[in-house]
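Report on the structure given below.
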Amino acid sequence: MTIATNAIASAGSSKLARSMQLLLNFWKMFRTDLPGVVGLAVILVLILLATAAPILAPFDPYLQSLGSVLQPPSWEHWAGTDELGRDILSRLLFGARTTLLIVISVSLLIAPIGLCIGVCSGYFGGWVDKVLMRTVDIFLALPSLVLALAFVAALGAGAENAVLAMAFTAWPPIARLARAETLSIRSSDFISAARMYGASPLRIIFRHIVPLCLPSIVVRVTLSMAGFILTAAGLGFLGLGAQPPSAEWGTMISTGRKVMIDHWWVAAFPGIAILITSLSFNMVGDALRDAMDPRTN
Amino acid sequence: MLLKAAMAPEGVGYRAASLVKTMLGPLVSVLAAFLGLMIIIFFIGRVLPIDPVLTIVGDQADAQTYQQVSHELGLDRPLIQQFSIFVSNAVAGDFGRARLTGNLVLSDLIKVFPATIELATTGIVIGALLGIPLGVIAAVNRGRATDSILRIVMLMGHSTPIFWLGLMGLLLFYAALHWVGGSGQLSLYNLDIVPRTTGFITVDALLAGDMEVFWDAVNHLILPASILGYSSTAFIARMTRSFMLEQLPQEYIIAARVKGLSARQVIWGHAFRNIRVQLLTVLALAYGGLLEGTVLVESVFAWPGLGQYFTNALLIGDMNAVMAATLLIGVIFLGLNLLSDILYRLLDPRTRQ
């Protein structure tokens, strides 16, 4: 009995070791891709900036100062001030928190959902697979931004609802990938061994299949993150995401557009922040995709 | 039985039957997707809101209106019956009234839709004219500096918030340089001059023979359409590049080169010819993406189309209008999917039996 357990465990762990080896090769590939490395560096700096925002921000992002409304960029206010005299740089730093928080929340929501649906679909096969994958196909064929917008309209505007709406439309690609991975793992010997030894489907799924699916799921979620940033900003811009006065880049552009013609900096800087962040995620995603693609190896 | 009989190999009948068979597969999956779309929209509009009636009549409606709408939706009946009421109404084109305009949602949609089609179609033309050559150039120069630079340009297009680019475009080309018109489809003094026949302002102006209005409309159209087009360039170029990369190493290309054809003839006359069908599919998908993009772009440019109508409905939570607009965009998406699927099956010799 212990032998069987060990055999299954060691088969599993050798698979895990192989995944680690793959991951190492992967990093070697990734390292050669300059834009990818730059993107990764920018993201790390951004995370640092967002974490340290309360220390780094020169001003309180919510502090209105009607004496210094709509100041152009200067040594005191590097990115100028907005229509309520708030320091734009400080608001950008705090906005990075909002953006990263939304991206992380959506990712943490869709990864387990997509994983569960995909692995169940692949493991059980038959009509479960048919129903689940048909649902995935339907979601993939539909306009995700429009559905997310309608979803927020039904629930009411706000950052939390924006996260829910984005998760509602973003899980299908994850499920599709998890299913494909499961199909390739399901027929392995160590899974048959576990099954013969009497492991329940739940145990096989969560102890043996899910851990092996994780690396590719993580990569796939990273690929989607640039899109999340743009969607979150778009929701904020339309007034359906994070609500004023909270510092969110899309919302900042939306309020900045009213004064934009004479005061370009109010709308320009938040947009540049979105562009840099989303570009970095895209560059990392692109590098990941190339590193994963067997044709480039 | 009938189908089987018709499929006997007898010339035209057989051809037609195999054509039907080719269409049947995608058609069934599109019907399933349509049902899924209806379920999702029903879920969003009638199950998610705490009080679906309130989202339709607004909070200023009197008790009688409230009761009436509640009864019309069948809220006192089981969910499955409510759904069937919703589906039969939607298929009949009855989406109720929009709170914002007071008109029937259907007539509102018919009114705003052409403006969006005009914008998105111009956008896809610009996107294709930019994206396809860029993708081909990138593929031909694979691994060289040109490829890397183009890759960054494409990634930029993919990463730029489209609404922000629109605002910056207005700031630069309208406010500072005065090259293009500002918000809306026409300048104020040109509004309602040409009669509305097709709903596409440029076409209407040409039909009326009013060149001044036509150029004014083009002036207003060019910036939002370019920005939409740029947002799809990245996708189109990336797909073109990878399709071309599949063709270029093949033997028939080497043969064409050995035969002494110029690089241009080999690339455009041989390799590109073989990716046209795949590109059509990509363009159909990109067009769907542009329709989504119009929601944000129309809001920036005060473009009186479906996107702006949808946004306004969203902001006041007018679910009748939101559901109908979502359904319309969803149906176009499905239609584009079906179209690209059928085109692929019809045009690609490999999928013929």
Side-chain angles (χ1 to χ4, degrees), chain A residues 34-35 39 134-135 137-147 149-157 165 168-169 226-227 229-231 233-240 249-250 253-254 256-257 260-262 264 267-268 270-283 285-286 295, chain B residues 29-30 32-37 39-41 43-49 52 55 148 151-152 155-156 158-165 167-168 170-171 174-175 234 245 288-289 291-293 295-296 299-300 310-311 313-319 322-323 325-326 329-330 332-334 336-337:
Chain A
L34 184 65
R134 184 57 92 172
T135 315
D137 284 342
I138 289 172
F139 266 93
L140 287 177
L142 294 177
S144 57
L145 177 67
V146 169
L147 282 182
L149 288 171
F151 194 93
V152 181
L155 281 182
F168 178 68
T169 52
I229 293 170
L230 290 182
T231 310
L235 284 168
F237 176 73
L238 291 178
L240 294 167
W249 294 339
I253 296 180
S254 157
R257 87 188 259 204
M260 180 186 74
I261 299 287
D262 297 311
W264 56 269
I272 294 172
I274 300 172
L275 172 58
I276 291 175
T277 315
S278 148
L279 184 63
S280 309
F281 274 102
N282 265 331
M283 291 199 299
D286 226 36
R295 276 176 299 180
Chain B
S29 59
V30 157
F34 179 72
L35 188 67
L37 176 67
I39 293 175
I40 294 172
I41 292 178
F43 172 74
I44 288 177
R46 299 281 155 78
V47 183
L48 269 188
T55 65
S148 312
R151 191 176 136 192
I152 297 291
L155 275 183
M156 292 271 280
H158 212 61
S159 315
T160 317
I162 188 168
F163 52 95
W164 176 76
L165 199 63
L167 288 174
M168 293 300 116
L170 272 178
L171 203 57
Y174 169 64
L245 285 182
L291 278 179
E292 275 202 306
V295 174
L296 289 162
S299 156
V300 169
F310 183 58
T311 317
L314 287 174
L315 286 176
I316 62 165
D318 181 355
M319 284 320 275
V322 168
M323 289 164 85
T326 310
I329 299 176
I332 296 171
F333 255 67
L334 295 180
L336 285 169
N337 270 330

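Residue numbers start from 1 in every chain, and the chains themselves are labelled A, B, ... in the order their sequence lines are given, proteins ahead of strands. Fair warning: this is a prediction, and the values are worked out from it, not measured in the lab. Side chains are part of it too, since the values below use all heavy atoms of this structure and drop only hydrogens, waters and symmetry mates.
The shortest distance between side-chain heavy atoms of Leu145(A) and Leu296(B) falls below 4.5 Å. Counting heavy atoms from C-beta on, the side chains of Val146(A) and Phe333(B) never come closer than 4.5 Å. At a threshold of 4.5 Å between non-hydrogen side-chain atoms, the residues Leu238(A) and Phe163(B) do not count as touching. Between Arg134(A) and Ser29(B) the shortest side-chain heavy-atom distance falls below 4.5 Å. In this structure the side chain of Phe237(A) reaches within 4.5 angstrom of the side chain of Ser299(B), judged on heavy atoms. Proximity of Leu142(A) to Ile329(B): side-chain heavy atoms (C-beta onward) are nowhere separated by under 4.5 Å. Contact of the Asn282(A) side chain with the Met156(B) side chain is not registered, since no non-hydrogen atoms from C-beta on lie closer than 4.5 Å.
Only the side chain of Thr311(B) comes within contact range of chain A, with at least one heavy atom under 4.5 Å from a heavy atom of that chain. Contact annotation for Leu291(B): neither backbone nor side-chain heavy atoms come within less than 4.5 Å of a heavy atom of chain A. Both the backbone and the side chain of Val300(B) come within contact range of chain A, with heavy atoms under 4.5 Å apart. Heavy-atom distances place both the backbone and the side chain of Leu147(A) under 4.5 Å from chain B. For Ser148(B), no part lies near chain A; criterion is any non-hydrogen pair under 4.5 Å. Neither the backbone nor the side chain of Phe281(A) comes within contact range of chain B, judged by heavy atoms closer than 4.5 Å. Contacts of Ala226(A) with chain B are absent, with no heavy-atom separation under 4.5 Å from either backbone or side chain. Proximity to chain A (any heavy atom under 4.5 Å) is restricted, for Met319(B), to the side chain, taken from C-beta onward. Contact annotation for Phe34(B): neither backbone nor side-chain heavy atoms come within less than 4.5 Å of a heavy atom of chain A. Contacts of Ile272(A) with chain B are made by both backbone and side-chain atoms, with heavy-atom separations under 4.5 Å. For chain B, no part of Ala157(A) is nearby; none of its heavy atoms comes within less than 4.5 Å. For Arg46(B), no part sits under 4.5 Å from any heavy atom of chain A, backbone or side chain.
In terms of non-hydrogen atom pairs under 4.5 Å with chain A, the most contact-rich of Ile40(B), Leu165(B), Ile162(B) is Ile40(B). Most heavy-atom pairs under 4.5 Å with chain B, from the set Thr231(A), Leu149(A), Ile274(A), Ile261(A): that is Leu149(A). Top candidate by heavy-atom pairs under 4.5 Å with chain A, chosen from Ile332(B), Thr326(B), Leu336(B), Leu155(B), is Leu155(B). Of the listed residues (Asp318(B), Thr160(B), Ile39(B), Leu167(B)), the greatest number of heavy-atom pairs within a distance under 4.5 Å of chain A belongs to Leu167(B). Taking chain B as the reference chain and counting heavy-atom pairs below 4.5 Å, the highest number among Ala154(A), Pro143(A), Gly234(A) is found for Pro143(A). Chosen from Asn337(B), Ile152(B), Leu171(B), the residue pairing most often with chain A at heavy-atom distances under 4.5 Å is Leu171(B).
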side-chain contact (heavy atoms from CB on, under 4.5 Å) assessment of Leu170(B) paired with Arg257(A): CA-CA 11 Å; Leu170(B) 272 178; Arg257(A) 87 188 259 204; over 6 Å; no
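At most 12 non-hydrogen atoms from other residues, nucleotides or ligands lie less than 6.0 angstrom from OH of Tyr174(B).
Here Leu275(A) contributes atom CG and Met168(B) contributes atom CE; the two are 11.5 Å apart, rounded to the nearest 0.5 Å. Here the CZ-CE distance, from Arg151(B) to Met283(A), works out to 9.0 Å after rounding to the nearest 0.5 Å. From Ser278(A), atom OG reaches atom NE2 of His158(B) across 8.0 Å, with rounding to the nearest 0.5 Å.
The aromatic rings of Phe43(B) and Phe151(A) are tilted relative to each other, their planes meeting at an angle between 30° and 60°.
Scanning all heavy atoms of the two residues, the minimum distance from Val322(B) to Ala150(A) falls at CG1-CB, 3.7 Å. What you find for Pro161(B) and Gly271(A) is that their closest heavy atoms are CG-O, 4.2 Å.
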